[in-house]
Chemist: 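Right, I'll just put the structure down here and ask away after.
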Amino acid sequence: MLNLILFGPPGSGKGTQAIKIAEAYDLIHISTGDLFRYEMGNNTPLGLKAKEFISQGALVPDEITIGMLANKLDHHLDANGFILDGFPRTIPQAEALDELFASRGWSIDLLLALEVSEDEIVSRILKRGETSGRSDDQDESIIRNRIREYEAKTAPLFAFYQEKGKASTLNGIGSIEVIFEGLCDLIEQHQS
Ligand code: AMP
């Protein structure tokens, strides 16, 4: 198996790159943001609960998010591997992920972090908001809140994986293709 985490602030290009990596390495792409948007679009109880947090730019509580991820993993027990995009976002989520994977006989191979400055992120997200239909992409104060959540709760996860020798970083500014090649190089270095 090959199990990857694509890491970085909102708007760093995780979704775009995760789709390309999933295709190149035949992995299942799981984006918790996409899963929440699907639930919200269908007005499910989980979607309605998640909306309270997402609309404010806050993280959805761990127990909701972890349960949703566990359910998704169980639909892909025969996968070649996974690329997780937007999960984990807190230390308790990372600990839960370790347990969820260990209980299935799996483990995380590598976290790939995309580095992008805050100003670049805000302008990218506002631009995406012109077409994404996402209300959390259209309001600068909500975007700044998402970045604050990232800095406070998610950024410390890099050290969590680095201590295990499982983290690599890449400059996230540049063309989609160049960044994709850089990510593939990091994956292949890790495999060799
Ligand atoms: P994203 O599409 O990854 O930018 O996620 C959009 C929003 O969904 C985030 O701002 C959070 O409110 C919520 N979300 C997505 N993934 C998680 C997660 N792992 N933990 C908590 N909230 C999440």
Chemist: Would you call Lys20 and Glu177 a salt bridge, using N to O less than 4.0 angstrom?
Modeler: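 Looking at Lys20 and Glu177, the cut-off is met.
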
Chemist: Please say whether more than 12 non-hydrogen atoms of neighbouring residues, nucleotides or ligands are located less than 6.0 Å from CG in Leu48.
Modeler: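 Atom CG in Leu48 is packed in, count exceeds 12.
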
Chemist: Please confirm whether Lys49 makes a cation-pi placement over Phe53, using NZ or CZ under 6.0 Å from the six-membered ring centre and within 45° of the ring normal.
Modeler: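 No.
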
Chemist: Atom CD1 of Ile5 and atom CG of Asp85: how far apart are they, to the nearest 0.5 Å?
Modeler: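 Atom-to-atom, Ile5:CD1 and Asp85:CG are 11.5 Å apart.
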
Chemist: Hey, are the side chains of Asp109 and Lys166 touching, using non-hydrogen atoms and a 4.5 Å cut-off?
Modeler: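 Heavy-atom side-chain distance check fails, nothing below 4.5 Å.
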
Chemist: Give a yes or no on whether the backbone of Asp136 and the side-chain of Arg146 come within a donor-acceptor separation of less than 3.5 Å.
Modeler: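 A pair under 3.5 Å: yes.
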
Chemist: Please tell me if the side chains of Phe87 and Leu35 come closer than 4.5 Å, counting only heavy atoms from C-beta onward.
Modeler: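 When only atoms from C-beta onward are counted, Leu35 and Phe87 do not touch, as no gap falls below 4.5 Å.
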
Chemist: If only atom types and distance count, is the side chain of Glu149 paired as donor or acceptor with the main-chain N or O of Ala58 below 3.5 Å?
Modeler: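 A pair under 3.5 Å: no.
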
Chemist: Can you tell me how far the CD atom of Glu188 sits from the CG atom of Leu183, to the nearest 0.5 Å?
Modeler: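 Here the interatomic distance stands at 11.0 Å.
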
Chemist: How close do Leu97 and Pro88 get, heavy atom to heavy atom, and via which atoms?
Modeler: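 Result for this residue pair: CD2-CD, 3.9 Å.
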
Chemist: Backbone N or O of Pro9 within a donor-acceptor pair of the Lys14 side chain at under 3.5 Å?
Modeler: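 Looks like yes, one N/O pair under 3.5 Å.
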
Chemist: Is Leu111 close to Gln162 at the side-chain level, that is, under 4.5 Å between some pair of heavy atoms?
Modeler: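 Not touching, per the 4.5 Å side-chain cut-off.
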
Chemist: Tell me the closest heavy-atom pair linking Lys72 and Ile30, and the distance in Å.
Modeler: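 Shortest heavy-atom contact: CG-CD1, 3.6 Å.
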
Chemist: To the closest 0.5 Å, what do you measure between CZ (Arg124) and CG (Asp137)?
Modeler: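 Arg124 atom CZ to Asp137 atom CG measures 13.0 Å (nearest 0.5 Å).
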
Chemist: Taking atom CD as the centre, does Glu52 end up with more than 12 heavy-atom neighbours from other residues, nucleotides or ligands that are less than 6.0 angstrom away?
Modeler: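 Counting neighbours around CD of Glu52, more than 12 heavy atoms of other residues, nucleotides or ligands fall under 6.0 Å, so yes.
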
Chemist: A side-chain contact here means heavy atoms from C-beta on lying under 4.5 Å apart; do Arg37 and Asp34 qualify?
Modeler: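 Contact flag for Arg37/Asp34 side chains = yes.
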
Chemist: Is a side-chain N or O of Thr32 found less than 3.5 angstrom from the main chain of Gly86, in a donor-acceptor match?
Modeler: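 Confirmed, Thr32 side chain pairs with Gly86 backbone.
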
Chemist: Which value, rounded to the nearest 0.5 Å, describes the distance between Ile125 atom CD1 and Lys127 atom NZ?
Modeler: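 Here the rounded value is 13.5 Å.
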
Chemist: Between His190 and Leu112, is there a side-chain heavy-atom distance shorter than 4.5 Å?
Modeler: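 A side-chain contact under 4.5 Å is absent here.
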
Chemist: Looking only at non-hydrogen atoms, find the nearest pair between Gly81 and Met1 and report the distance.
Modeler: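 Taking every non-hydrogen atom into account, CA-CE, 4.0 Å.
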
Chemist: Hey, can you tell me if Phe82 and His76 have their rings parallel, tilted or perpendicular (30° and 60° cut-offs)?
Modeler: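 Aromatic pair Phe82/His76 classed perpendicular.
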
Chemist: For residues Leu186 and Leu157: do they belong to one hydrophobic cluster (side chain heavy atoms under 4.5 Å, members Ile, Leu, Val, Met, Phe, Trp, Tyr)?
Modeler: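 Leu186 does not cluster with Leu157.
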
Chemist: With side chains defined as the heavy atoms from C-beta onward, is the minimum distance between Glu118 and Arg144 less than 4.5 Å?
Modeler: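 Answer yes - side chains close enough.
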
Chemist: Could you state the interatomic distance from OG1 (Thr16) to CZ (Phe180), rounded to the nearest 0.5 Å?
Modeler: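 Nearest 0.5 Å value for the OG1-CZ distance: 12.0 Å.
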
Chemist: Can any side-chain N or O of Gln17 pair as donor or acceptor with the backbone N or O of Gly13 at less than 3.5 Å?
Modeler: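 Side chain of Gln17 to backbone of Gly13: no pair is present.
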
Chemist: How long is the straight-line distance from CG of Leu2 back to OH of Tyr25, given to the nearest 0.5 Å?
Modeler: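 It comes to 7.5 Å.
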
Chemist: Name the one of Thr65, Asp62, Thr154 that satisfies side chain to side chain donor-acceptor pair (under 3.5 Å) with Thr90?
Modeler: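 Exactly one option meets the side chain to side chain donor-acceptor pair (under 3.5 Å) with Thr90, and it is Asp62.
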
Chemist: When you group the ILVMFWY residues by side-chain heavy-atom contacts below 4.5 Å and let the links chain together, are Tyr150 and Val60 in the same group?
Modeler: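 They do share one cluster, since a chain of ILVMFWY contacts under 4.5 Å joins Val60 to Tyr150.
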
Chemist: Looking at every non-hydrogen atom in both residues, tell me the closest pair between Ile28 and Ala79 and how far apart they are.
Modeler: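 Looking at all heavy atoms of both residues, the closest pair is CG1-CB, 3.7 Å.
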
Chemist: Could you label the plane-to-plane angle of the Phe158 and Phe7 rings as parallel, tilted or perpendicular, counting under 30° as parallel and over 60° as perpendicular?
Modeler: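 Tilted: the ring planes of Phe158 and Phe7 meet at 30° to 60°.
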
